[in-house]
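Here is the structure we will look at, set down as structure tokens.
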Amino acid sequence: MVNPTASRAVLALARAAFFCLLFGWGISGALELDSARLEQVAASRYGGKGAHAVAAWLQLLQDDAALAEADKLSSVNNFWNRRLMQAEDQTIWGQADYWATPLEALGKGAGDCEDFVIGKYFSLIKLGVPTSKLRFVYVRARIGGPESSEQIAHMVLAYYSTADAVPLVLDSLISDILPASQRRDLTPVFSFNADGVYVDGKHAAPVDRIGRWRDLLQRMAREGIRQ
């Protein structure tokens, strides 16, 4: 059964991202990190454990800069899947829907599906992966095995080596990065990146809300992450 709260959250995220694009300050471009500021904020909010997690992330971004793109995908996917525990926003933040910054997710050590995707997305951008190769993808995920009919609303990060390639799926539910053609448990609903929102491979109509995505970017900027 699809979680309606998660469905609304992912829909709002896609709408917000598309509106960001219309106004030119969205989710594309180089990422600038103020490492000292990030570690200071992490220590102040989350203590030594949070500061250590953020320091590990910053070290990863430094160590992986020269890797081949495929190795960057693997390293980033493994890092976030190991660092965060799966949890609902209500449990973590006391809110039905909250989009955590990478610092917040690492500080808490937990996140829901979009927090994993946000962390992986911004990590890969910092490592030089073009935004045109990455898409946030809202899917219906079948859980409980191949015979199960139970589905949840879920988000994954897709990587396209070329514009017409079968994308690779970076997922918080499994550790392996697999081609979308091998993820029969996932049914895509729509996706977006810095070029727009896609439904059935076509750009969706413009939307009329900014929503939580702008708030996310503003909080990231205050923490020391800017585009």
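Along the sequence shown, residues carry numbers from 1.
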- Task: Could you walk me through whether D185 and L173 pass side chain to side chain contact (heavy atoms under 4.5 Å, CB included), step by step?
- Result: CA-CA 11 Å; D185 56 319; L173 296 178; 5.7 Å; no
- Applying side chain to side chain contact (heavy atoms under 4.5 Å, CB included), run through W80 and L106 and close with a yes or a no. CA-CA 9 Å; W80 285 96; L106 290 170; 3.6 Å; yes
- Message: Determine whether D171 and R183 satisfy the following criterion, salt bridge (Lys or Arg N to Asp or Glu O under 4.0 Å), listing intermediate values before the conclusion.
- Response: CA-CA 10 Å; D171 191 356; R183 293 299 307 275; 2.9 Å; yes
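Within a 6.0 Å radius of CD in Q218, more than 12 heavy atoms belonging to other residues, nucleotides or ligands are found.
Here the shortest heavy-atom pairing between A53 and R83 reads CA-NH1, 3.8 Å. Closest non-hydrogen pair, V156 versus L170, comes out as CB-O, 3.6 Å. The two atoms that bring G119 and P102 nearest to each other are CA-CG, 4.4 Å, heavy atoms only. S191 and V137 get closest at one heavy-atom pair: CB-CG2, 3.8 Å. Pairing each heavy atom of F136 with each of V117, the nearest pair is CD2-CG1, 3.3 Å. The minimum heavy-atom distance between P179 and V166, with the atom names listed, is CB-CG1, 4.2 Å.
By the 4.5 Å heavy-atom criterion applied to side chains, I92 and Y98 are not counted as neighbours. Between L103 and R222, every side-chain heavy-atom pair lies at or beyond the 4.5 Å cut-off. Between D115 and K108 the shortest side-chain heavy-atom distance does not fall below 4.5 Å. Contact of the L33 side chain with the Q62 side chain is not registered, since no non-hydrogen atoms from C-beta on lie closer than 4.5 Å. The shortest side-chain heavy-atom distance between E69 and S161 does not fall under the 4.5 Å cut-off. Using a 4.5 Å cut-off on side-chain heavy atoms (C-beta onward), M155 and F116 make no contact. In this structure the side chain of V129 reaches within 4.5 angstrom of the side chain of Y159, judged on heavy atoms. Side-chain contact check for T101 versus I225: every heavy-atom pair is 4.5 Å or farther apart.
With rounding to the nearest 0.5 Å, the separation of CG in L31 from CZ in R226 is 11.0 Å. Here the CG-OG distance, from L134 to S132, works out to 8.0 Å after rounding to the nearest 0.5 Å. Distance check, rounded to the nearest 0.5 Å: OG1 of T162 to NZ of K133 gives 8.5 Å. Here the NZ atom belonging to K126 is positioned 11.0 Å from the NZ atom belonging to K72, to the nearest 0.5 angstrom. The distance from atom OG1 of T187 to atom OH of Y138, rounded to the nearest 0.5 Å, is 10.5 Å. Here NE2 of H154 is found 13.5 Å from CZ of R140. Values are rounded to the nearest 0.5 Å.
Residues forming a side-chain contact (heavy atoms from CB on, under 4.5 Å) with L60 (at least two apart in sequence, or on another chain): W57, D64, S75, V76, F79. Residues passing the salt bridge (Lys or Arg N to Asp or Glu O under 4.0 Å) test with D112: none are found, sequence neighbours excluded.
Between the side chain of R45 and the main chain of E104, no donor-acceptor pair closer than 3.5 Å is present. Here the side chain of N81 pairs no donor or acceptor atom with the backbone of S175 at under 3.5 angstrom. In this structure, K120 contributes its side chain and L157 its backbone to no donor-acceptor pair below 3.5 Å.
Linking Ile, Leu, Val, Met, Phe, Trp and Tyr residues whenever their side-chain heavy atoms come within less than 4.5 Å places I177 and I118 in a single cluster. Note: the hydrophobic cluster containing Y160 does not contain I125 (ILVMFWY, side chain heavy atoms under 4.5 Å, direct or indirect links). L73 is not connected to L67 by any chain of hydrophobic side-chain contacts under 4.5 Å among Ile, Leu, Val, Met, Phe, Trp and Tyr, and they are in different clusters.
Applying the salt bridge (Lys or Arg N to Asp or Glu O under 4.0 Å) definition to pairs two or more places apart or across chains, none involves residues 156-165.
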